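In what follows, a structure is listed as structure tokens, so that the remarks can point back to it.
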There are 2 protein chains.
Amino acid sequence: MLTQQRHRIILDLLKEKSVIKIQEIIDLTNTSESTIRRDLSQLEESRFLKRIHGGAARLQGKLQEPSMIEKASINLQEKRLIGQYAASLIEEGDSIYLDAGSTTKEMIDFLDVKDLAVVTNGFMHLSDLLNKGIKTYLLGGYAKPSTNALIGRGALEGLEMYRFDKAFIGVNGIHPQSGYTTPDQEEAMVKQKAINLSRDVFILADDSKFGEISFGKIADLNQAVIITNKLEEDISKHYKSKTTIKVVTS
Amino acid sequence: MLTQQRHRIILDLLKEKSVIKIQEIIDLTNTSESTIRRDLSQLEESRFLKRIHGGAARLQGKLQEPSMIEKASINLQEKRLIGQYAASLIEEGDSIYLDAGSTTKEMIDFLDVKDLAVVTNGFMHLSDLLNKGIKTYLLGGYAKPSTNALIGRGALEGLEMYRFDKAFIGVNGIHPQSGYTTPDQEEAMVKQKAINLSRDVFILADDSKFGEISFGKIADLNQAVIITNKLEEDISKHYKSKTTIKVVTS
DNA sequence: ATGATTTTGATAGAAAATGATTGAATCATG
DNA sequence: CATGATTCAATCATTTTCTATCAAAATCAT
């Protein structure tokens, strides 16, 4: 049985029952205990469930589409490292802008500064932020389902009432000539405006984004500092002259 | 039986009754007394209940009467009926404003109209709305944790870019002289503005709200139609002359 | 095929959960 | 207040589950 199939079985089981025992999964999959434990570890790492002593438990508010599994689990460890480093840059009393997106979401776990104000256009960030007791302001606007981002006129006008010490932005493409890009033009506009309103700007991007170009232009390279997980030497030279790059390693 | 399952059983029991005896839990879970005592310790440590001699008691906020809690859960069925009726008022192509709050949230399940645009300041409504495929716009502003509502300047300015066919508003108090009221002044301002921007306005309120007065004034009675679950005849006469009241029965 | 990488199943020691038992603390009753 | 009955916290041995590790099997790229 394929790993993917087992993962699907486990997640389907969790749709029925809020907790499942390891033995149930073993019976259903005809695999060893070790394999199931590994599956559960991976699914927990990718935030699809919570391991508990004796099995696994559903965690609420999680959309479990098959396509989501791969997408979300790719580079999660890297994103987490990037997020951890980015969070460490935040200082007491800062006002920060947190862009929608999976990488910026990883920052929230590591936000331990007191007296912090966060503005975000990512509505899936909200519950995590509030659970940590962080004073949070949401932009308004159209709630785009595919990226969980608030965009459009509401978001742009909402931004105008804030100024930020630091902005943390996710992008899809980083390119020496084309700069920072993202597929959706409207999302690009929001990111762009947030950048213009912030004293310091940090782009959070794993290594897969370098060399890519998307449709919507956000900004030029030199308008932000890049935080990434690794960078090949031969690729690096195209970027180093244009902006500052912080490479985070484990 | 897994720890998490027992904890769930215990907490569910406490939703029904305000105090429970250890023996009841033992019978329901087929575990030993020691185990249950450990469970109760952990749940108390996590502030989910309070241990008392002989069992456990529900933990309540200082302002909440024990009777109020039971009333709140009892009224869930009523709220659902109110929500269902309110949803049935919506027509094809409407733009509606959905206030934050538990009663308006019940409407979402029953929203079956196509070509509908929803604007809301309740950020806990979002996932339900998007899951139903409804085009949703969120107000911006400060995310108030206790009521899951967006309030403040961001919410008020965000409202200005919309006009509504119908607005569905939750309130805490309905009174012949004081009109509609709610405890938080800032939330009241948002509700007030939404009312002013809407052609038709509906107040969703179960019967416990009649005769109550809270701190923040929202509007006068005649500015909206009230949807409620029941209304005593002797109370009714104080309101009927001032506004339209729709009583929903099962 | 060949070797490299990934996946798997098995195992042993560590950690956690459980049930029983003890004596102390608390309660209800006269 | 004295008494017995209950309930409690603390402890222990046992069982279950978990983590870490390793070697066999399967998969993959060449």
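In what follows, chains are A, B, ... by sequence order, proteins preceding strands, each numbered from 1. Nothing here was measured: the structure is a model prediction, and the numbers come from that model.
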Would you kindly give the [atom1]-to-[atom2] distance between [X] and [N], to the nearest whole Å?
X: A/H7; N: C/dT8; atom1: NE2; atom2: C1'; answer: 13 Å
X: B/E44; N: D/dA9; atom1: CD; atom2: C1'; answer: 13 Å
X: A/Q4; N: C/dT6; atom1: CD; atom2: C1'; answer: 15 Å
X: A/D39; N: C/dT7; atom1: CG; atom2: C1'; answer: 11 Å
X: B/Q5; N: C/dA17; atom1: CD; atom2: P; answer: 15 Å
X: B/E45; N: D/dA9; atom1: CD; atom2: C1'; answer: 15 Å
X: B/L40; N: C/dT18; atom1: CG; atom2: P; answer: 13 Å
X: A/I36; N: D/dT19; atom1: CD1; atom2: C1'; answer: 17 Å

Step by step, work out the side-chain hydrogen bond (donor to acceptor under 3.5 Å, both in side chains) result for A/K166 and A/S198. CA-CA 6 Å; A/K166 303 182 177 73; A/S198 182; over 6 Å; no

Go through the side-chain N and O atoms of A/D207 and A/N229 and say whether any donor and acceptor fall under 3.5 Å apart. yes

Go through the steps to decide whether B/E212 and B/N172 satisfy the test side chain to side chain contact (heavy atoms under 4.5 Å, CB included), and finish with yes or no. CA-CA 7 Å; B/E212 299 290 320; B/N172 285 70; over 6 Å; no

Is there a residue in residues 17-33 of chain A whose heavy atoms reach under 4.0 Å of DNA chain C, and which residues are they? A/T31, A/S32

According to the interplanar angle, ranging from 0 to 90°, do the rings of A/F210 and A/Y239 count as parallel (below 30°), tilted (30 to 60°) or perpendicular (above 60°)? perpendicular

Considering just the side-chain nitrogens and oxygens of [X], establish if one lies under 4.0 Å of OP1 or OP2 belonging to [N].
X: A/S34; N: C/dT8; result: no
X: B/R37; N: C/dA20; result: no
X: A/T35; N: C/dT8; result: no

Under 4.0 angstrom, heavy atoms only, what part of the nucleic acid is A/I52 near: base, sugar-phosphate, or nothing? sugar-phosphate

Would you say that B/K144 contacts B/E187 through its side chain, given a criterion of any heavy-atom pair below 4.5 Å between the two side chains? yes

If you define the side chain from C-beta out and look only at heavy atoms, does anything of A/K17 sit under 4.5 Å from A/E24? yes

For A/S34 and A/S32, what are the C-alpha separation, side-chain angles and deciding distance, and is it a side-chain hydrogen bond (donor to acceptor under 3.5 Å, both in side chains)? CA-CA 5 Å; A/S34 296; A/S32 70; 4.6 Å; no

Answer yes or no: are there more than 12 heavy-atom neighbours, outside A/K242 itself, under 6.0 Å from its atom NZ? yes

Go through it in stages, so that I can follow the logic: the residues are A/H7 and A/L2, the test is side chain to side chain contact (heavy atoms under 4.5 Å, CB included), and I'd like the CA-CA distance, side-chain angles, deciding distance and then a yes or no. CA-CA 9 Å; A/H7 286 194; A/L2 265 43; over 6 Å; no

Testing B/N148, B/T104, B/I134, B/D99 one by one against B/H125 for a side chain to side chain contact (heavy atoms under 4.5 Å, CB included), which residue passes? B/T104

Check if the side chain of A/R38 and the base of C/dG9 share a donor-acceptor pair of N or O atoms closer than 3.5 Å. yes

Options C/dG19, D/dC18, C/dT8, nucleotide nearest the side-chain atoms of A/T3: C/dT8

A/R51 side chain: which of C/dT11, D/dT19, C/dA20 is closest? D/dT19

Across nucleotides 23-30 of chain C, 5' to 3', mark each nucleotide with B, S or - according to how protein heavy atoms within less than 4.0 Å reach it. ---SS---

